[in-house]
Amino acid sequence: MTETHLAELNVARLRYDINDPRIADFINNLNRVNAAAERSNGFVWRLKDEAGNAVSMTRESDPLVIPNLSVWTDVGSLENFVFKTVHKRIYDRRAEWFEVMERMHFVMWPVAAGHVPTLEEAWQKLDYLNEHGSTDLAFGWEHVKDANLWRSARCSSSAA
C-alpha cells in the first residue's frame, strides 16, 4: 500500500497591485509565515520561486490571483499550521489584502508520498472541486470529519 500525503492549494485575489503599499504588511510577513510552515510538524514541500514564495506565479488571466501550494503528511498537520501558528494572525487580516472570491479558492487532495504536484495539477483540482463539490478526489475543510479548527476561525474573523 502506498503512503499518501495531503496537497493543498489556496488562492487569493489581491485587492491592490503586489507593489502597492497597502499590501506591504502581507508581503513583509511572507518569509516569516513560510518559515513557520517549513518548521511545522508534517510539512513536506511548498511551491516557491527564486524569491522564496509563489506570489509571482499568477494565472495569466488575472495577475492579482496568487497561489499557495504545499504538501503535508496529513490534514491535522496542515490544520495546526493554518490555525495555531503565526499564519493565523495573517489569516485573520485577510480582508485587508484580499477580495472575497465568488468560487471556492481552497482545495485539498491526496497525493502519493514523494509526489510534488504541479501548479497546473492544483488548478485542475480546484476546478474539479468547484464543478463537483467535495469528494475524496478534491475537498475542503468541511469534508474532513476530524478537522474542526477551521469552523471557529471562520466564525471568529471576517471572511475573505
Side-chain angles (χ1 to χ4, degrees), residues 5-109 111 115-127 129-130 138-142 144 147 149-160:
H5 285 165
L6 179 80
E8 69 79 28
L9 172 69
N10 185 28
V11 297
R13 188 171 196 285
L14 294 167
R15 289 186 175 276
Y16 315 101
D17 180 81
I18 196 83
N19 297 312
D20 190 295
R22 293 170 286 189
I23 300 292
D25 210 23
F26 169 73
I27 298 300
N28 292 339
N29 278 288
L30 276 176
N31 288 341
R32 185 167 67 133
V33 172
N34 288 334
E38 291 176 351
R39 288 190 310 270
S40 293
N41 287 336
F43 173 83
V44 176
W45 171 88
R46 70 179 177 86
L47 179 68
K48 55 185 170 181
D49 62 14
E50 300 80 34
N53 60 61
V55 296
S56 66
M57 298 178 182
T58 60
R59 249 187 168 168
E60 290 179 25
S61 60
D62 190 346
L64 294 179
V65 174
I66 58 173
N68 178 285
L69 173 60
S70 61
V71 176
W72 297 79
T73 56
D74 57 86
V75 73
S77 297
L78 173 61
E79 186 181 32
N80 283 328
F81 164 70
V82 170
F83 299 111
K84 290 186 173 181
T85 69
V86 65
H87 178 276
K88 175 71 165 71
R89 291 198 299 267
I90 301 303
Y91 177 85
D92 285 345
R93 296 180 58 196
R94 65 196 181 278
E96 295 176 40
W97 306 307
F98 304 112
E99 294 181 0
V100 174
M101 297 184 75
E102 294 178 13
R103 296 174 41 142
M104 288 292 296
H105 53 89
F106 173 73
V107 64
M108 297 178 278
W109 70 98
V111 294
H115 175 70
V116 174
T118 65
L119 192 51
E120 183 56 35
E121 173 188 347
W123 283 113
Q124 289 172 1
K125 292 294 183 178
L126 184 58
D127 290 342
L129 175 63
N130 277 299
F139 48 90
W141 291 115
E142 76 286 344
V144 182
L149 296 173
W150 70 275
R151 293 183 207 292
S152 59
R154 184 178 66 179
C155 295
S156 67
S157 59
S158 59

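No hydrogens, no waters, no symmetry mates; every other heavy atom, side chains included, goes into these values.
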Within a 6.0 Å radius of atom CG on Asn41, are there more than 12 heavy atoms belonging to other residues, nucleotides or ligands? no
With Arg22 via salt bridge (charged side-chain N to carboxylate O under 4.0 Å, His left out) - residues at least two apart: Asp20
Are the side chains of Phe81 and Val33 in contact, using a 4.5 Å heavy-atom criterion? yes
Would you sort out whether Leu6 and Leu78 count as a side chain to side chain contact (heavy atoms under 4.5 Å, CB included), showing the intermediate values? CA-CA 9 Å; Leu6 179 80; Leu78 173 61; 3.9 Å; yes
Heavy-atom closest pair, residues Ile23 and Leu14: CD1-CD2, 4.0 Å
All heavy atoms of Val11 vs all of Pro67, minimum pair found to be CG1-CA, 4.0 Å
Any heavy-atom pair between the side chains of Ile66 and Phe26 that's under 4.5 Å? yes
Which pair of heavy atoms, one from Phe139 and one from Leu129, lies closest together, and at what distance? CA-CD1, 4.0 Å
To the nearest 0.5 Å, how far apart are CD1 in Ile90 and CD in Glu96? 9.0 Å
Side-chain contact, heavy-atom cut-off 4.5 Å: Glu121 with Val111? yes
Hey, does His105 have a side-chain heavy atom less than 4.5 Å from the side chain of Asn10? yes
Distance (rounded to the nearest 0.5 Å) between Arg15 CZ and Leu64 CG: 12.0 Å
Residues two or more places apart in sequence or in another chain: which of them pass side chain to side chain donor-acceptor pair (under 3.5 Å) with Asn34? none
Mind checking whether Leu119 and Leu9 have side chains closer than 4.5 Å, heavy atoms only? yes
First locate atom CG of Leu69, then atom CE of Met57, and finally report the distance between them rounded to the nearest 0.5 Å. 9.5 Å
What is the ring orientation for Tyr91 with Phe83, classed by angle as parallel under 30°, tilted 30 to 60°, or perpendicular over 60°? perpendicular
Measure the CE-CD distance between Met108 and Glu8 for me, rounded to the nearest 0.5 Å. 8.5 Å
Roughly how far, to the nearest 0.5 Å, is OH of Tyr16 from CD of Glu99? 9.0 Å
Looking at every heavy atom in both Asp25 and Asn29, which two are closest together, and how far apart are they? O-ND2, 2.8 Å
Taking Asn130 for the side chain and Met104 for the main chain, is one N or O donor matched with an acceptor at less than 3.5 Å? yes
Closest contact, heavy atoms only, Trp109 versus Ala138: CB-CA, 4.3 Å
Quick one, Glu79 with Trp141, criterion side chain to side chain contact (heavy atoms under 4.5 Å, CB included). Give me CA distance, side-chain angles, the key distance, then yes/no. CA-CA 9 Å; Glu79 186 181 32; Trp141 291 115; 3.7 Å; yes
Rounded to the nearest 0.5 Å, the CE atom of Met101 sits from the CZ atom of Arg13 at a distance of 8.0 Å
Would you call the rings of Trp72 and Phe43 parallel, tilted or perpendicular if under 30° counts as parallel and over 60° as perpendicular? perpendicular
Thr73 and His5: which non-hydrogen atoms are nearest, and at how many Å? CA-CD2, 3.7 Å
Does the side chain of Pro117 come within less than 4.5 Å of Val71's, by heavy atoms? yes
Give me each pair satisfying salt bridge (charged side-chain N to carboxylate O under 4.0 Å, His left out) with a member in residues 49-58, each pair once, sequence neighbours excluded. none
